2 protein chains.
Amino acid sequence: METLIEKHLPDFRQQMNKMVIFNDEEWNVFAKHLNIKALHKKDHFTRVGEVCKELGFILSGSVRLYHVINGEEKTGYFCLDKEFICSYKSFLKQEPGLSSIQVLEDSLLITLSHIALRQLLDHPVTAYKMERFGRLIAEQLICCYEDRVQAFVTQNPEERYAALLKNNPRILQHIPQHFLANYLGITPVSLSRIRKRIFQT
Amino acid sequence: METLIEKHLPDFRQQMNKMVIFNDEEWNVFAKHLNIKALHKKDHFTRVGEVCKELGFILSGSVRLYHVINGEEKTGYFCLDKEFICSYKSFLKQEPGLSSIQVLEDSLLITLSHIALRQLLDHPVTAYKMERFGRLIAEQLICCYEDRVQAFVTQNPEERYAALLKNNPRILQHIPQHFLANYLGITPVSLSRIRKRIFQT
DNA sequence: CTTTTTTCTTATCTTTTGTTAACGTTCGTT
DNA sequence: AACGAACGTTAACAAAAGATAAGAAAAAAG
């Protein structure tokens with residue numbers, strides 16, 4: 001009988017091929033270290049204060065990353081399907097993280113634990129490709145972050161929201177507005193006012 | 001006679017060893033592709049609209065990264081000595097960049113061109129170590145960006161300034177306040193008011 | 001040392017945002 | 001179907017930030 005992970009590995013391999021092409025030998029070693037995780041809406045992938053122990057790839061679903069400040073949640077990031085998700089600083093340094101990652105809808109993730117990643121980085125068959133994999137994931141994220149920080153430095157909240165509407169409409173679909181508000185660096189009330197201003201013209 | 005770059009390579013190698021240890025053979029191939037650049041205060045390392053053609057390591061000095069919006073400069077990032085600097089998205093994708101990088105004081109940089117990096121990534125002697133080098137640089141930057149985005153999402157300008165005072169006093173030394181203001185996502189006038197509030201208690 | 005330029009502060013006014021609370025709606029649960 | 005919880009909008013007030021201009025202070029240039 002085919003297991004859940006076996007069912008989804010071909011899809012995942014195809015996604016991986018967009019970044020790094022593994023030959024069959026490399027892939028077999030790599031795939032042995034992967035796990036699959038089905039999470040239900042509102043389940044957590046990692047929590048503030050925990051060490052983030054794995055890197056995830058969202059086969060289907062979506063997640064948000066948030067911080068907890070004075071008991072309040074501040075959403076800082078979203079990931080939709082076909083993207084990697086992780087509390088990176090916590091994962092990379094294996095230290096307690098400042099972010100929680102929560103699933104926004106029932107989701108299916110491929111995961112790679114930090115221990116497995118270390119082994120793959122040391123394994124002669126996979127070491128080279130894994131270094132490249134790590135490099136490309138990190139570089140991709142840097143490109144996202146550069147845009148994000150630039151938006152905070154050069155735009156006001158209304159402009160940031162308008163840009164999001166234009167460039168990232170897919171995010172707006174599934175995601176409650178009060179999460180979006182934090183993402184834009186404002187309160188839900190303020191976002192509601194901005195929406196009124198934009199749409200009533 | 002010793003050239004300028006020969007004089008500074010040992011220092012640079014020592015800094016590199018903190019990330020990736022090159023053996024002598026690897027180092028020799030690597031070092032052949034490096035250049036050195038002496039920039040005077042206000043000189044530019046790269047400009048908005050240009051493709052960023054090189055990665056830099058600041059041996060001495062400091063730089064700021066800024067964007068140009070409606071003819072106005074908005075400073076988004078600083079780097080002090082012993083750090084790598086680059087308009088990463090532009091460099092990685094070799095596309096026109098959205099950032100200018102300007103030297104804040106007379107500075108000395110080791111540079112590696114994108115072409116050289118590609119060659120080193122393909123060169124059998126250096127490929128593996130260069131992948132790792134690229135990964136570690138990118139991962140380091142991600143950690144910085146995570147903190148920076150979290151600051152925007154979870155703190156107000158006053159809290160961001162206070163945190164900077166506490167955690168990054170070194171940045172405050174050399175850098176004019178109006179640059180800092182953009183970095184914090186506010187105007188210079190507003191930063192001045194925040195300073196008054198904080199220091200007069 | 002003087003002049004010029006840059007940087008920082010202060011003041012005023014306007015706009016925007018934060019805060020709190022109320023209200024209606026939607027959604028999921030029982 | 002009824003209930004409660006979560007969500008979005010709106011209102012009113014307070015607090016903070018933006019814009020602009022003027023003046024003081026500091027740094028750079030001559």
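What you see below is based on every heavy atom in this structure, not just the backbone, and it leaves out hydrogens, waters and symmetry mates. A note on names: the letters A, B, ... follow the listed sequences, proteins ahead of strands, and every chain is numbered from 1. Given the structure is predicted, the values throughout are model-derived calculations rather than measurements.
A 4.5 Å side-chain heavy-atom check between K74(B) and Y183(B) finds every atom pair outside the cut-off. By the 4.5 Å heavy-atom criterion applied to side chains, H67(A) and E73(A) are not counted as neighbours. Residues L141(A) and Y88(A) meet the side-chain proximity criterion, which asks for heavy atoms closer than 4.5 Å.
For D122(A), there are no salt bridge (Lys or Arg N to Asp or Glu O under 4.0 Å) partners at least two apart in sequence or on another chain. The ring pair (Phe, Tyr, Trp, His ring centres under 6.0 Å) test applied to H114(A) returns F91(A), not counting sequence neighbours.
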If a protein heavy atom is under 4.0 Å from the base, mark B; if only from the sugar-phosphate, S; if neither, -; do that for nucleotides 25-30 of chain C going 5' to 3'. ------
In B/S/- notation, 5' to 3', how is nucleotides 7-19 of chain C contacted by protein heavy atoms closer than 4.0 Å? SSBBBB----BBB
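Among pairs with a residue in residues 134-144 of chain A, those fulfilling side-chain hydrogen bond (donor to acceptor under 3.5 Å, both in side chains) read R135(A)-E139(A), R135(A)-E131(B), at least two apart in sequence or across chains.
In this structure, R13(B) is not positioned above the aromatic face of F30(B) in the sense of NZ or CZ being under 6.0 Å from the six-membered ring centre and within 45° of the axis. A cation-pi contact links R64(A) to F179(A), judged by a cut-off of 6.0 Å to the six-membered ring centre and 45° from its axis. At least one cation-pi condition fails for R195(B) and F199(B): the charged atom is not both under 6.0 angstrom from the six-membered ring centre and inside a 45 degree cone around its axis.
Ring pair F84(B)/F133(B): centre-to-centre distance below 6.0 Å.
Heavy-atom contacts of chain B under 4.0 Å fall on DNA chain D between two terminal nucleotides, which in 5' to 3' order are dA17(D) to dA28(D).
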